[in-house]
Amino acid sequence: MDKIKEKLAALRAEADTAVARAEEAEAKNKKQEHELMTRDQEITSLQHKIANLESDLDKAEAKITETKGAKDESDQSKTAVEGLTRKIALLESELDEAEKTLRETTDKLRQVDVKAEHFERQVARVEAERDAWEKKCEEAQEKYTASKKELDEVVAQMESI
């Protein structure tokens, strides 16, 4: 009878330990889900910033086109080119900051992946999103390079006038 009571007490203690471990795992899971949600919000914020930068870049490209049409008026065109150059420099710095923020977010996502190996399915989805953003960033970099080349050509044409 005592052995049964001892086994029963041991089973109860083991059950209590298992419940405590389960509660701890649930708390850890909620924390990591919260971190994942925070990262998703950061990604959404970066998407918005990138969309704004692309819009600003499109506006700058439109102004460059206008400048090409007004190159006969040298004083006005010089002022416009200087303004566009400042705008491009500002866009470059904003793009650099967005890339830095994107890299920092990517690093944070990788750290979450290391800490939460048992959430591989969720992390795989986040990595796929991250890869898509890196591709968009590269495309934005290519657009920037193309527009900078075009601006350099316009500036060279303006200086030759």
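All values below come from the heavy atoms of this structure, side chains included, with hydrogens, waters and symmetry mates left out.
A distance of 10.0 Å separates NZ in Lys143 from NZ in Lys136, rounded to the nearest 0.5 Å. The distance from the CD atom of Glu6 to the CE atom of Met1 is 12.5 Å, given to the nearest 0.5 Å. We find the CD-CD distance between Glu26 and Glu33 to be 10.5 Å, quoted to the nearest 0.5 Å. Considering CZ of Arg21 and OG1 of Thr17, their distance stands at 8.5 Å, rounded to 0.5 Å. In this structure, the separation between NZ on Lys148 and OG1 on Thr85 is 10.5 Å, given to the nearest 0.5 Å. Note: Met158 CE to Glu82 CD = 12.0 Å, rounded to the nearest 0.5 Å.
Side chains of Leu95 and Leu91 form no contact here, defined as non-hydrogen atoms less than 4.5 Å apart. At least one side-chain heavy atom of Glu134 sits under 4.5 Å from a side-chain heavy atom of Thr106. Lys31 is listed as a side-chain neighbour of Glu35, based on a closest heavy-atom distance under 4.5 Å. Looking at Lys108 and Arg39, their side chains come closer than 4.5 Å, going by heavy atoms from C-beta outward. Inter-residue side-chain proximity for Glu104 and Glu42 is flagged as unmet; no heavy-atom pair is nearer than 4.5 Å.
The existence of a salt bridge linking Lys135 and Glu138 is excluded, since no basic side-chain nitrogen approaches an acidic carboxylate oxygen closer than 4.0 Å. We find that Arg125 and Glu129 are joined by a salt bridge, their nearest charged nitrogen and carboxylate oxygen being less than 4.0 Å apart. Note on Arg110 versus Asp107: salt bridge recorded, some NZ/NE/NH1/NH2 to OD/OE distance being below 4.0 Å.
Smallest separation of non-hydrogen atoms from Lys87 and Asp56: CE-O, 4.4 Å. Taking every heavy atom of both residues into account, Ala60 and Leu84 meet most closely at O-CD2, 4.0 Å. Of all heavy-atom pairs between Leu53 and Ala98, the closest is CD1-CB, 3.9 Å.
In this structure a side-chain-to-backbone donor-acceptor pair under 3.5 Å is missing from Ser45 to Gln41. Side-chain atoms of Thr105 come within 3.5 Å of backbone N or O of Thr101 as a donor-acceptor pair.
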- After noting the C-alpha distance and the side-chain angles of Lys49 and Glu94, does the key distance pass the side-chain contact (heavy atoms from CB on, under 4.5 Å) rule? CA-CA 9 Å; Lys49 285 181 180 180; Glu94 289 176 358; over 6 Å; no
